[in-house]
Number of protein chains: 6
Amino acid sequence: MKPVVIRRSRRPDASAVARLAAAGVATVHEAMGRSGLMKPVMRPIWRGAPVAGAAVTVLSQPGDNWMIHVAVEQCRPGDMLVVALTSDSTDGMFGDLLATSLKARGVVGLVIDAGCRDVATLEEMGFPVWSRAISARGTVKVTLGSVNVPVVCAGALVNPGDVIVADDDGVVVVPMAEAEAVAGLADARLANEEDKRARLAAGELGLDIYGMREGLAKAGLVYLDDPEEGPS
Amino acid sequence: MKPVVIRRSRRPDASAVARLAAAGVATVHEAMGRSGLMKPVMRPIWRGAPVAGAAVTVLSQPGDNWMIHVAVEQCRPGDMLVVALTSDSTDGMFGDLLATSLKARGVVGLVIDAGCRDVATLEEMGFPVWSRAISARGTVKVTLGSVNVPVVCAGALVNPGDVIVADDDGVVVVPMAEAEAVAGLADARLANEEDKRARLAAGELGLDIYGMREGLAKAGLVYLDDPEEGPS
Amino acid sequence: MKPVVIRRSRRPDASAVARLAAAGVATVHEAMGRSGLMKPVMRPIWRGAPVAGAAVTVLSQPGDNWMIHVAVEQCRPGDMLVVALTSDSTDGMFGDLLATSLKARGVVGLVIDAGCRDVATLEEMGFPVWSRAISARGTVKVTLGSVNVPVVCAGALVNPGDVIVADDDGVVVVPMAEAEAVAGLADARLANEEDKRARLAAGELGLDIYGMREGLAKAGLVYLDDPEEGPS
Amino acid sequence: MKPVVIRRSRRPDASAVARLAAAGVATVHEAMGRSGLMKPVMRPIWRGAPVAGAAVTVLSQPGDNWMIHVAVEQCRPGDMLVVALTSDSTDGMFGDLLATSLKARGVVGLVIDAGCRDVATLEEMGFPVWSRAISARGTVKVTLGSVNVPVVCAGALVNPGDVIVADDDGVVVVPMAEAEAVAGLADARLANEEDKRARLAAGELGLDIYGMREGLAKAGLVYLDDPEEGPS
Amino acid sequence: MKPVVIRRSRRPDASAVARLAAAGVATVHEAMGRSGLMKPVMRPIWRGAPVAGAAVTVLSQPGDNWMIHVAVEQCRPGDMLVVALTSDSTDGMFGDLLATSLKARGVVGLVIDAGCRDVATLEEMGFPVWSRAISARGTVKVTLGSVNVPVVCAGALVNPGDVIVADDDGVVVVPMAEAEAVAGLADARLANEEDKRARLAAGELGLDIYGMREGLAKAGLVYLDDPEEGPS
Amino acid sequence: MKPVVIRRSRRPDASAVARLAAAGVATVHEAMGRSGLMKPVMRPIWRGAPVAGAAVTVLSQPGDNWMIHVAVEQCRPGDMLVVALTSDSTDGMFGDLLATSLKARGVVGLVIDAGCRDVATLEEMGFPVWSRAISARGTVKVTLGSVNVPVVCAGALVNPGDVIVADDDGVVVVPMAEAEAVAGLADARLANEEDKRARLAAGELGLDIYGMREGLAKAGLVYLDDPEEGPS
């Protein structure tokens, strides 16, 4: 793999991105048939509202953030930077100066399969980051990587331009070509959940709402009274 | 182990449960002779007040939350749901819809040796959860498990009806039959600590309050002046 | 290694300590040539302002906090207690009573390569702790260790009297003899960053500010247009 | 929990134990409805033949092997020692001297949820151990625990007298009262597998032997030809 | 993602596969510009000779090996089965019966991002497996997945037909289209290493063979005599 | 920390080194008052006889083995190379070419707090390595580190010239100045154990040999007959 920066202008539809952000990670992941999720080791450095953006991808050496500087130039408003490494590391490859630069370009957040630092300042700035670790460990700038190539980040394949949705539950990747369809499915799920939520809040049981009793019985579930208790 | 749901009505004494909640996990665990604690991988998804309740137990397959739906029906006000798995998993087996249902039944919280999702909503709802992970990963509903059988959850044995006490320090299990006795011991410890706290705050040393100096000397502890410093 | 308590009065210069606290962990660590950092497993039990203090060191057996009680007596205002273990453990060796005692002596914080408990109370008290874990697991008081000997804590060598700087990004150790020099270097870095931050916020690229383009080209970085897009 | 040693003489039926050893861990675990297995972190310190024995249980403090010395006296020929801890540790609580003592009493092996040392000598002695870690870290002998009480070891509940079956695949626990029944079920599984193995070796497909095709089709599985290939 | 089985006949060139097997994982990974490697958590269940084969990929639910049975039918002589999961698990999804079936079809090995069992029998059979864990934990057969779709396995993207090379050092993935080119580069590396090895064995220093001294001096490396020693 | 190579000629006494190798890691660690041990994550890549040697230390960047090449020149017959990193990594920083070079210089083994590769070849060569991981991941050669400075390796402080003892149980560090004294203590322990081993093998109990019964009774240990059994 030769180091390369791909300049690309295609972005997913902005309204689809907004709808996916509003749906949230769990719903989007379900709408995609339970796929596209990064591993749960990816956590927000501070908790807040869901964000979504178009992926600008970076493949870096561990402990080397040279390519993140390169990637900033490729970002546009509404983008989300996704940094993957060639090998596991928790070094703090990203801090408040890079965040200042990304914010100036309209980038909505960062997903990095490594460490992040300056987290107090990042929270003050309102710049959201999902990372594998928080670490003050500094980095070098000596080895090339690539920008806007497909990467595997926290177990998920990310292509440049894919929609990244992230919230307190984690991070999910929606292929650019599927953004609108998934947004539609997610909206449908949300509408359906609303009714369920009201019935459950009123005390109705999921066993009845979802019609599970027959399936459970067929699968062989048996109900017994506690033998240590007398008849109730 | 055949899948089974045990219907049971016995619950621990409500006032003992309340006293255990007030004492908190660390004190209750000490009052039990330093036993009953779950592993520290169990963390609250949001921090808040201690809660305690009677365990309704669930043994589930990883990535399958069918039995949680079954368990809801077995819950009563004041209960706490405890979900153990047959094998390790961090999948998000519990979310806001199930919490809505549990809340409607008066359940005070959830302890799950797996993942949890919709954590922002759960915090808004004020529904407390202790879990091994936060994960949006969805689940299937295809394989039976059991409800109200003894389970091992995060390294601790939990029998249905045991009192579960949980706070920001972790989760502890008090056998139903010992609830009142442990509550008494915990109250005694709290009373004893109050005096200690005041003396320590006033600058008295634990070495003196606890009478440790003799034991330390007998064990052979030696005090030396820093050889690199002159006489003080 | 015979158990020993070293009484020592030398402390690092107070103004250097204050400047290091103000600079924060990431900057101090960079100012030291990216050295002295503890592993990122060390996390604050609550997030807040940076603190710094002179290390009083403790070497304890896992699950035994006897020597922490011994160490309290060796602490002075402005100190920071650093607890290392002879073997890995997450047991909750420190709680609110010890914190009350340390606070009464003017100790500014604790770094412990083990667990901590009573975290809600510690946050209320405003007593900062960096630990490997949060755990209610109680401890015994039966085996000696040492106080004010060199220890390895979370991968970093700590000598008594070293300056410990800790914030939301982690914990760094500055050798006592280097405190002033490092404070100077840290201040210089901060001043330099201020200018950079303003330029980045204005939209200037790091690639240009840091003059990276030539180095990237020399290293062989290639820019390509996305082959799947037409000419832009 | 007061420290206690329970003297007990009941042991599971020896021929059932032998049959369980011969069946191996995977088969026994399946015969029990996929239950009773310890977590896979438990690994043999050297690979060899399956062993099975009656559990003598120990609950120890981490880093303290006093109670293992106590437990030796409670062991009889054919027993298997099971050591659980009150808190996680990898310290090397067991070595060749204890193994010499256990061997002299006819104990067939050790399962310890901690570390083991002298592994080269243990292999020479032919004494099998399953442990969480290999570690030379020595231990103290100062805090009591219990012998022959129910323990949770590597996630599995073990009652004294239960049959412990261990091989290169891991460790499984069979309740004493179920030993014969499980041995019968395991034997049946083995007999059934023999026929399957021959058919599979002859090239017959599991899809056909197990009659899976209908279920797969009903569940919705679709077969497609690779669109990038021409018709085959 | 709808469950699907892709029938495909294209395979990489057999002689390229053989050359890649002979080169070994470390050399192949270097020849690819240090890419394509799975995470080091993937370990052989027994150590032996390097193998290589064409990937037949499986995407399974954790704890469910139904799709492995489906995949067997898609395998041809010289293939290597690659099993990825939708979520982390160490359950023993593969054992000697499936290995018997794969062997009957000429499959050369298995790479599974989960657990494996019957490892003693698999070693006797000479069937090589690389897995994340060894675990006797059995599985269900209830949820569909896919066969011969692109998967992320242990952090590496695997497309069906890619060459999988595995040995005691780990597992590397070579895209089918690059197999011959990479084999050529790997052979060149091996030839080059042969000469280096002889010179190093003769006592020549890598510093001189690789001409590193100038670069080290330019980078600022300083040599000092030990100040605590007299002149040598 | 400026990068530096310290040229040093002092080595520990060769006969003390040989005696420490013969004593083995567990005994040496005990003879040092249970100190000096590296964390148990350090494992031999193949099992064999204990080795010991004088430490030549390396501090490297993760994923960069430039300084190992530099360190080779500083090694003499009987030395043992110890590689520590500035940040955690499992990359395979060491392989058969470096081992060939070290062997040519008479180096007896390697301890590396990172990954190792070419493990099959290293075993054939009989070159022993203790590492955190086995990984084929290759490295760069671009950033300086230091040779023969004090390092923290796997949690243990290592000064150049310290005796490193390593065997199947792990790795222990003996300060150069204490080598002879520790060798003497280790020999005494071995002699003492010989007698114990014979008595234990003859069936005598450790409880009696070590005179533990009184201490156990004083600590409050209680013996009970199994209440579920009749009188024996």
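Order of the sequence lines fixes the chain letters, A, B, ..., with proteins taken first and strands second; residue numbering starts at 1 for each chain.
The one candidate from F/V58, F/V129, F/V108, F/I112 that meets the side-chain contact (heavy atoms from CB on, under 4.5 Å) condition with F/L81 is F/V58. Considering F/P77, F/S101, F/C75 in turn, F/C75 is the only one that fulfils the side-chain contact (heavy atoms from CB on, under 4.5 Å) rule with F/V107.
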### Query
Can F/R7 and E/D226 be said to form a salt bridge (Lys or Arg N to Asp or Glu O under 4.0 Å), step by step?
CA-CA 6 Å; F/R7 295 193 201 94; E/D226 183 354; over 6 Å; no
### Test salt bridge (Lys or Arg N to Asp or Glu O under 4.0 Å) applied to E/E30 and F/R117, step by step
CA-CA 12 Å; E/E30 292 282 359; F/R117 66 185 192 181; 2.8 Å; yes
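If you tally non-hydrogen atom pairs under 4.5 Å between each of E/G170, E/G206, E/A201 and chain F, the highest count goes to E/A201. Considering only heavy-atom pairs separated by less than 4.5 Å from chain E, the leading option among F/V142, F/V140, F/D118 is F/D118. If you tally non-hydrogen atom pairs under 4.5 Å between each of E/M212, E/K196, E/M42, E/M38 and chain F, the highest count goes to E/M212. For chain F, the option among E/A49, E/G48, E/G203, E/A219 with the highest count of heavy-atom pairs below 4.5 Å is E/A219. Listed options F/D96, F/D91, F/V147, F/L102 were ranked by heavy-atom pairs under 4.5 angstrom with chain E; first place goes to F/D96. Per-residue heavy-atom pair counts under 4.5 Å with chain F were compared for E/L216, E/V172, E/V25, and the maximum is reached by E/L216. Contact count against chain E (heavy-atom pairs under 4.5 Å) is highest for F/T139 among F/L98, F/V72, F/T139.
Of the charged side-chain nitrogens involved, at least one lies within less than 4.0 Å of a carboxylate oxygen, so that E/E228 and F/R10 count as a salt-bridged pair. The residues F/D168 and F/R43 are annotated as not salt-bridged, no charged nitrogen and carboxylate oxygen being separated by less than 4.0 angstrom.
Both the backbone and the side chain of E/E193 come within contact range of chain F, judged by heavy atoms closer than 4.5 Å. The contact between E/R197 and chain F is made by backbone and side chain atoms together, counting heavy-atom distances below 4.5 Å. Neither the backbone nor the side chain of E/R199 comes within less than 4.5 Å of any heavy atom of chain F. Residue contact with chain E, scored on non-hydrogen atoms closer than 4.5 Å, involves the side chain of F/L144 exclusively.
Listed in order of number, the residues of residues 150-157 of chain E that approach chain F to under 4.5 Å between heavy atoms amount to none.
Taking OH of E/Y210 as the start and CD of E/E204 as the end, the distance is 10.5 Å to the nearest 0.5 Å.
Counting only residues at least two apart or on different chains, the salt bridge (Lys or Arg N to Asp or Glu O under 4.0 Å) pairs with a member in residues 126-153 of chain F are F/D113-F/R132.
Using bins of under 30°, 30° to 60° and over 60° for the plane-to-plane angle, the ring pair F/F94/F/F127 lands in the parallel bin.
E/R11 places no side-chain N or O within donor-acceptor distance of the main-chain N or O of E/A54, the cut-off being under 3.5 Å.
A 4.5 Å side-chain heavy-atom check between F/D162 and F/V174 finds every atom pair outside the cut-off.
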